[in-house]
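Step one of this worksheet: look at the structure below.
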There are 2 protein chains.
Amino acid sequence: MKIKDIANLTGLSVATISRVMNNHPNVSPETREKVESAIAETGYVPNFLGRNLRVSKTHKILIILPTAGNPFYSEILEAIQEQANHSEYTILIGVTNEDPTLENKYMEMLTTKQVDGAITFLSKYDKYALTQWASQYPLVQCCEYTEGAQITNISVDNEQGAYDAVSYLIRKGHTRIGAIRGQLYFASESDRTAGYKRALEQAGIKYRPEYCHIADYTPEGGFRGAKALMALEEPPTAIFAYGDTIAIGVIKALSETGHIRVGRTDGVRNVAVIGFDDIQLSGMLSPTLSTVYQPKYELGKKSFRLLMDQINKGSDNKECYSIKLMHKLVIRESSEL
Amino acid sequence: MKIKDIANLTGLSVATISRVMNNHPNVSPETREKVESAIAETGYVPNFLGRNLRVSKTHKILIILPTAGNPFYSEILEAIQEQANHSEYTILIGVTNEDPTLENKYMEMLTTKQVDGAITFLSKYDKYALTQWASQYPLVQCCEYTEGAQITNISVDNEQGAYDAVSYLIRKGHTRIGAIRGQLYFASESDRTAGYKRALEQAGIKYRPEYCHIADYTPEGGFRGAKALMALEEPPTAIFAYGDTIAIGVIKALSETGHIRVGRTDGVRNVAVIGFDDIQLSGMLSPTLSTVYQPKYELGKKSFRLLMDQINKGSDNKECYSIKLMHKLVIRESSEL
DNA sequence: AATGGGATTGTAATCGTTTTCAACCCCATT
DNA sequence: AATGGGGTTGAAAACGATTACAATCCCATT
C-alpha cells in the first residue's frame with residue numbers, strides 16, 4: 001500500500017495525495033474529503049523511508065551517553081524525552097562505555113544522515129575534530145564541554161560546585177577531606193578537582209594526593225574507594241564524591257565500618273559525605289545525602305531546544321553558545337551527623 | 001558528495017562503487033583499490049536515506065519503555081545495547097509514561113518503516129491489536145506478556161517469584177504481610193499479586209485488602225506506601241515490594257519510623273522487607289535488600305536475539321514463543337534483622 | 001582463428017515520497 | 001467575447017542508493 005495505490009483508487013495523482021497528507025492548502029474540500037476517506041478505508045500510512053530521502057530529514061536525534069546505568073543521565077533523558085514528545089522528533093540513544101570506536105560510530109550517524117542532530121554527554125574529543133563536527137551538523141554538548149572546541153554546550157559550573165561543597169565541609173571544621181573521583185574521562189571531573197583544590201588552598205590546607213581516590217561512577221566504585229580511604233593510617237573525616245552514585249557506595253562502606261551511624265550515641269563523630277548531581281534517590285538513603293544539585297530537567301530541556309534551534313536554522317549556525325546553569329548546595333543529613 | 005561523484009572521479013559507474021562499498025565479490029583488485037583510495041581521499045560516506053529506501057531497512061530497532069527512570073530497565077537496556085553494538089543495529093528508545101497515545105505512536109513507527117522491529121516492555125495492549133502487530137512486524141514483549149495475544153514474549157515467572165518471596169516471609173514466622181504494588185498497569189503485577197495470595201492461602205492466612213497498597217515504581221511511592229501501612233492499627237510485620245525501587249522507599253520509611261534499625265539492641269523486631277528485580281543498588285542499601293532476582297542481562301540479550309531472528313527470517317514468522325527465565329530469591333539483610 | 005565461459009563492468013529500473021512547473025478550469029472583469 | 005487570474009490538479013524530476021540484466025573483456029580450449 002503506497003501513495004500510488006491511493007492515487008489509483010481515487011483517480012487522482014500522487015501529487016494530490018501527497019498534498020492532502022501534508023495539509024497543503026490549495027486542495028479543494030471535495031478531493032480532500034475523497035482522499036481522506038480512501039486513506040481511512042485502506043489504512044494507508046506513508047513510508048518514511050521514501051519521505052526521508054526526499055526531504056533529507058530523519059526526524060530523529062541521537063543522544064550519546066557514556067553509560068546507561070547512571071540515574072543522573074536517566075533523569076536528564078526523561079526531560080529530553082518529554083520535549084521530544086511534544087515535537088515531531090524521536091530520540092535514539094547510544095551508549096559508548098568509554099569506547100572511542102563507538103564514539104566515532106555514533107558521530108558518523110550524523111554524516112550518514114541517520115539522524116538530524118545529536119546531544120553528546122562526552123567531553124574527551126579532539127577539539128579540532130569536535131569543532132569540525134559542530135560546524136557541519138547540529139550538535140550540542142550537555143553537562144560537559146571541551147576546552148578550545150567551538151560547539152554550543154550547556155552545563156553547571158563544576159569547579160564552583162565542587163568548591164562550594166568542599167568549602168562547606170571546611171567550614172564545618174573538617175581538614176582531612178577525601179575525594180572520590182572518576183577516571184578523568186570528563187572535563188567536569190577536572191573542574192571539580194580544581195574546585196576541590198581551590199577550596200583547600202584557600203583554607204590553607206595542603207592537598208594530599210593519597211586522599212584522592214579514583215573510581216568509576218557506580219556504588220561499587222564508591223564502596224571500594226571509601227574502604228580504601230578509611231584504611232589510610234590517617235583517614236579523612238569527610239569525603240566528597242564526584243557523583244551521587246559514588247556517594248551511595250561511600251555511605252554503605254562507612255556504615256559497614258562504623259564510620260557512619262544514624263542516631264549514633266557513642267560520641268564518635270561520623271564521617272561527613274557530600275555528593276554531586278542530586279539524583280532522586282539521594283533523599284532516600286540513610287542518612288539522606290547532602291549533595292550539589294544540578295538542574296537536570298533544565299539541562300535536558302535546554303539541550304533539546306538548543307539542538308532544535310540549530311536544526312531549524314539550517315547550515316548557517318556559526319554562532320556557538322556556552323551556557324552555565326545554576327547549581328545549588330543541598331544539605332541533608334550525611335554532612336551533618 | 002554522493003556515490004555518483006565517486007563514479008565520475010574514478011571514471012567508473014555507480015554500480016561498481018556500490019559494489020565496493022558493500023564488499024561484493026567480482027570486483028577486480030585494481031578497481032577496488034582505485035575506488036577505495038578515492039573514497040579515502042574525498043571522505044565519502046554513503047547516505048543512509050537512499051540506501052534505506054532501496055533496501056527497505058532502517059537497521060534500527062525500537063525499545064518501548066514505560067518509564068525512563070527505573071534502573072531495572074536501565075540494566076536490561078544495557079544488555080540490549082551491548083548486543084546491538086555487536087550487530088549493525090542501533091537502538092532507539094521510546095518512553096510512554098503510561099500514555100496510550102504514545103504507545104500507539106511508537107507502534108506506528110513499525111508501519112511507517114521507521115524501525116525494523118521493536119521490543120516492548122508494556123503489557124496492557126488490546127490482545128487482538130497486539131496479535132495483529134506481531135503478525136505483521138518483528139516484535140517481542142520483554143518482562144511482560146499479554147494474556148491471549150499471539151506474540152513471542154520473555155519474562156520470569158512472576159507469580160512464582162512473588163510466591164517464593166512471601167512464602168519465605170511466612171516461614172520466618174510472619175503472618176501480617178503487607179504488599180506495595182503498582183497500579184495494575186502490568187501483567188507482571190497481577191501475577192505477583194496472585195503469587196502473594198497463593199502463598200497466604202496455602203499458609204491459611206487470610207488476605208487483607210488493607211495490607212495491599214498501591215504506589216508507582218519509585219522510592220517516593222514506596223516511602224508513602226510504607227508509612228501508610230505502618231499507620232494501620234495492626235501494622236504488618238513484613239512488607240513485600242513489587243520492585244526494588246519501591247523497596248528503597250520502604251526501607252527509608254521504616255528507618256524513619258524506627259521499624260528498621262541496623263544493629264538494633266532494644267530487642268524490638270525489625271519489619272522485614274523483600275523486593276523484586278535485584279537492581280544493582282540493592283546491595284548498597286542499609287540494610288541490604290532481600291529481593292527476587294530477575295536475570296536482566298539474559299532478558300535483554302535474549303529479547304534482542306529473538307527480535308533479530310524475526311527480522312532475519314522475514315515475514316513467515318508465524319510461530320511465537322513464550323519463554324520463561326529463572327528467577328531466584330536473594331536473601332540479604334532486610335528480611336533477616 | 002573461432003568459440004565458450006568466467007570475471008568484471010555498465011545501463012537503467014527501482015524504492016516511495018515531495019515538489020517544481022506547467023496545465024487546466026472557472027469565473028469575474030473589461 | 002476576449003482577457004486575466006486565482007484556485008486545483010497532474011506530469012515528471014528529483015532524492016541517493018542497490019541490483020537485475022545486459023554487455024564487454026580476456027583468456028583458455030578446440
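For the numbers below, each heavy atom of this structure counts, side chains included, while hydrogens, waters and symmetry mates do not.
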Next on the checklist: If you assign each of G50(B) and A15(B) to its closest nucleotide in DNA chain D, which residue comes earlier from the 5' end?
Outcome noted: G50(B)
Next on the checklist: Measuring to OP1 and OP2 of dT18(C), would you say a side-chain N or O of S18(A) lies under 4.0 angstrom away?
Outcome noted: yes
Item to check | Donor-acceptor side-chain pairing of S322(A) and N153(A) below 3.5 angstrom | outcome: yes
Checklist outcome for this item: In whole angstroms, the gap separating C1' of dG16(C) from NZ of K57(B) amounts to 18 Å
Next on the checklist: Taking only side-chain N and O atoms of T31(B), does any of them lie within less than 4.0 angstrom of OP1 or OP2 on dT9(C)?
Outcome noted: yes
Next on the checklist: Side chains of Q150(B) and K127(B): any donor to acceptor distance under 3.5 Å?
Outcome noted: no
Next on the checklist: Regarding N26(B), tell me which of base, sugar-phosphate or nothing describes its non-hydrogen contacts under 4.0 Å with the strands shown.
Outcome noted: base
Item to check | Minimum heavy-atom distance between V14(B) and K4(B), given as atom pair plus value | outcome: CG1-CA, 3.8 Å
Next on the checklist: Going 5' to 3' along DNA chain D, which are the first and last nucleotides with any atom under 4.0 Å from a heavy atom of chain B?
Outcome noted: dC15(D) to dT19(D)
Checklist outcome for this item: From NE2 of H24(A) across to P of dT18(C) the rounded distance in Å is 8 Å
Next on the checklist: Main chain of L122(B), side chain of Q141(B): is a donor-acceptor contact present, judged purely on distance under 3.5 Å?
Outcome noted: yes
Next on the checklist: Is there a side-chain contact between L77(B) and I93(B) in this structure, where contact means two heavy atoms from C-beta onward sitting under 4.5 Å apart?
Outcome noted: yes
Item to check | Separation of atom CD in Q114(B) from atom P in dC15(C), rounded to whole Å | outcome: 21 Å
Checklist entry - Rounded to whole angstrom units, what separation is found between the CZ atom of F48(B) and the C1' atom of dG16(C)? => result 19 Å
Checklist entry - Starting at CG of L53(A) and ending at C1' of dT19(C), how long is that distance when rounded to a whole Å? => result 13 Å
Checklist entry - For dT14(C), does either OP1 or OP2 sit under 4.0 Å from a side-chain N or O belonging to R54(B)? => result no
Next on the checklist: What is the distance, to the nearest angstrom, from the CZ atom on R19(B) to the P atom on dA12(C)?
Outcome noted: 15 Å
Checklist entry - With a 3.5 Å cut-off and no angle check, do the side chains of S188(B) and E144(B) form a donor-acceptor pair? => result yes
Item to check | Residue-phosphate contact under 4.0 Å: N22(A) side-chain N/O, dT18(C) OP1/OP2 | outcome: yes
Checklist entry - F304(B) versus S87(B): any side-chain heavy-atom pair under 4.5 Å? => result yes
Checklist outcome for this item: To the nearest angstrom, the CG-P distance between N47(A) and dC15(C) comes to 11 Å
Checklist entry - Over how many whole Å does the gap from Y44(A) atom OH to dG16(C) atom C1' extend? => result 7 Å
